[in-house]
Amino acid sequence: MARPETRFACRSCGHEALAWTGRCPGCGEWNTLAERTVGRRGSGARRSAASEAPRAVPLHEVAAPDVARLETGIGELDRVLGGGIVPGSLVLLGGSPGIGKSTVGAMALGNLAASRRRTLYVSGEESAAQVRLRAERLGERALAVPMIAETGLGAVLAALEAERPEVCVVDSVQTLHADEASGTPGSVAQVREAATALMESAKRLDVAVILVGHVTKEGSLAGPRALEHLVDCVLMFEGERERSYRTLRALKNRFGATSEVAVFEMRSGGLIEVADPSARFVGEATAAPGSCVLCAMEGTRPLLVEVQALVAPTEIVPPRRIATGIDRNRLSLVVAVLARHAAISLASADVFVNVAGGVRVEEPGADLAIAMALASAHRGEPLREGSGQPRACFGEIGLTGELRHVAHPERRVAEALKFGLGSVIGPPASEPIDGLDGHPSFDRALRATFTPKMRKAA
Ligand code: TYD
Ligand code: MG
């Protein structure tokens with residue numbers, strides 16, 4: 001008979017080791033390894049050594065019931081979820097503190113309650129009175145949601161059993177305390193135990209659970225990150241607390257696409273869906289040197305955002321490269337391409353690049369707009385058309401300075417035209433696109449754009 005295996009798991013980071021050591025190899029903490037017997041977690045499986053082999057069936061014979069989704073009444077949230085919440089699913093809603101997780105949870109439950117769905121709000125973070133104060137700001141619907149203020153995992157599970165809600169928000173997973181697991185609330189062991197138990201209940205009772213999880217910028221991601229493989233869907237709320245725009249995107253979705261992004265604005269009465277974010281961002285765009293409109297694609301939707309750059313002489317070595325809303329590595333690449341292929345050296349300049357409105361763009365198609373904004377800032381020359389409108393760009397820049405194709409050029413150009421931004425600079429298209437000013441390389445695009453005589457006709 002096989003010997004039960006023992007492992008040593010870190011109470012702080014969840015790292016597993018075969019032998020005990022004083023210091024966890026995963027996170028470097030001292031005295032955090034604790035013994036655990038492998039197989040304990042899978043006790044629900046009830047499988048003995050003598051169990052029969054299950055019969056494999058072709059996928060087309062597998063029953064796939066067409067489940068109706070629970071619509072939260074927040075159109076953008078439903079879209080990111082892939083058409084609403086799937087009954088019995090586990091959704092992790094992550095984001096930094098103050099971003100609006102509790103608000104969106106309370107609003108969604110309020111709408112669901114108004115459409116006669118059974119709901120439950122579990123608050124481990126705030127008292128019932130505090131939750132009520134928020135609900136008062138959100139209105140009648142949010143006030144109708146039943147709630148409990150509880151941090152004990154056992155009590156929360158009992159409440160699920162007793163109330164049998166269809167949708168439950170647990171705010172937050174880091175505050176839950178499981179007696180069975182070691183560590184303080186919020187530690188990986190605790191968070192995992194809580195999520196596993198909640199998932200078991202969710203599937204058994206057909207309760208959709210939205211787990212709220214804090215993610216801080218510094219990297220105490222450990223908690224929610226450890227859950228990503230467990231849950232059905234991971235939604236991430238992003239944006240800056242000081243700004244009113246927030247984006248919600250799916251990082252993982254077993255029931256839908258992961259490329260969809262929703263844009264919200266925080267107002268005094270809660271989160272408002274921004275149905276036409278391009279209009280907002282283009283409306284706010286300046287035509288000053290260093291500004292360039294980017295035709296981005298967020299999932300299936302084109303989105304116009306303003307990329308701003310500042311180039312300032314500096315004595316600091318190495319100079320600063322600060323990126324907000326774009327990937328820092330992409331910025332480094334673009335700065336290198338500018339130096340090597342366009343003779344724009346920023347070696348003795350601090351460089352700041354920012355996507356206005358607090359939006360985050362994560363696609364290589366942003367390269368050209370970053371480069372154009374930097375070139376414009378460097379030359380002190382605005383990037384605009386004859387009409388005074390800011391110019392729009394898209395395209396990936398390769399290491400040899402070539403402009404590379406990105407997905408959906410026609411939709412990007414169409415979005416720019418819709419908002420009065422003609423002649424979009426981009427890579428050449430395989431089929432002609434009205435309004436696209438295509439160039440094979442960054443250098444060519446730059447020369448065509450910043451030569452006033454050549455641009456007059458635009
Ligand atoms: P909250 O949902 O509590 O954030 P999280 O749960 O992610 O920590 O709300 C965040 C901020 O939103 C908070 O500073 C107050 C503000 N807010 C509004 O501006 N308007 C509102 O209607 C509500 C409810 C909150
Ligand atoms: Mg909260």
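This chain uses plain numbering: 1 for the first residue, then up along the sequence. We count ligands from 1, going down the list as the structure has it; atoms in each ligand are counted the same way.
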His408 and Glu415: side-chain donor and acceptor closer than 3.5 Å?
no

Sidechain-backbone polar pair: Glu163 side chain, Pro165 backbone, donor-acceptor under 3.5 Å:
no

Thr175 meets the side chain to side chain donor-acceptor pair (under 3.5 Å) criterion, sequence neighbours left out, with none

Taking both backbone and side-chain atoms into account, decide whether Ser102 has an N/O/S atom under 2.8 Å from the Mg ion (ligand 2).
yes

All ring-ring contact (aromatic ring centres under 6.0 Å, His included) counterparts of Phe264, not counting sequence neighbours:
none

Charged N-O contact under 4.0 Å between Arg360 and Glu362:
yes

Name each N or O atom in ligand 1 that is under 3.5 Å from a protein N or O, and give the partner atom and the distance.
from: ligand 1; atom 1: 2 (O); to: Ser102; atom 2: N; distance (Å): 3.3
from: ligand 1; atom 1: 2 (O); to: Thr103; atom 2: N; distance (Å): 2.8
from: ligand 1; atom 1: 2 (O); to: Thr103; atom 2: OG1; distance (Å): 2.5
from: ligand 1; atom 1: 3 (O); to: Arg134; atom 2: NH2; distance (Å): 2.7
from: ligand 1; atom 1: 4 (O); to: Gly100; atom 2: N; distance (Å): 3.1
from: ligand 1; atom 1: 6 (O); to: Ser102; atom 2: N; distance (Å): 2.9
from: ligand 1; atom 1: 6 (O); to: Ser102; atom 2: OG; distance (Å): 2.6
from: ligand 1; atom 1: 7 (O); to: Ile99; atom 2: N; distance (Å): 3.3
from: ligand 1; atom 1: 7 (O); to: Gly100; atom 2: N; distance (Å): 2.9
from: ligand 1; atom 1: 7 (O); to: Lys101; atom 2: N; distance (Å): 2.7
from: ligand 1; atom 1: 7 (O); to: Lys101; atom 2: NZ; distance (Å): 2.8
from: ligand 1; atom 1: 8 (O); to: Gly98; atom 2: N; distance (Å): 2.7
from: ligand 1; atom 1: 9 (O); to: Thr103; atom 2: OG1; distance (Å): 3.4
from: ligand 1; atom 1: 19 (O); to: Arg267; atom 2: O; distance (Å): 3.4
from: ligand 1; atom 1: 20 (N); to: Arg137; atom 2: NH2; distance (Å): 3.2
from: ligand 1; atom 1: 20 (N); to: Arg267; atom 2: O; distance (Å): 2.6
from: ligand 1; atom 1: 22 (O); to: Arg267; atom 2: O; distance (Å): 3.4
from: ligand 1; atom 1: 22 (O); to: Ser268; atom 2: O; distance (Å): 2.8
from: ligand 1; atom 1: 22 (O); to: Gly270; atom 2: N; distance (Å): 2.7

Who passes side chain to side chain donor-acceptor pair (under 3.5 Å) against Ser123, sequence neighbours left out?
none

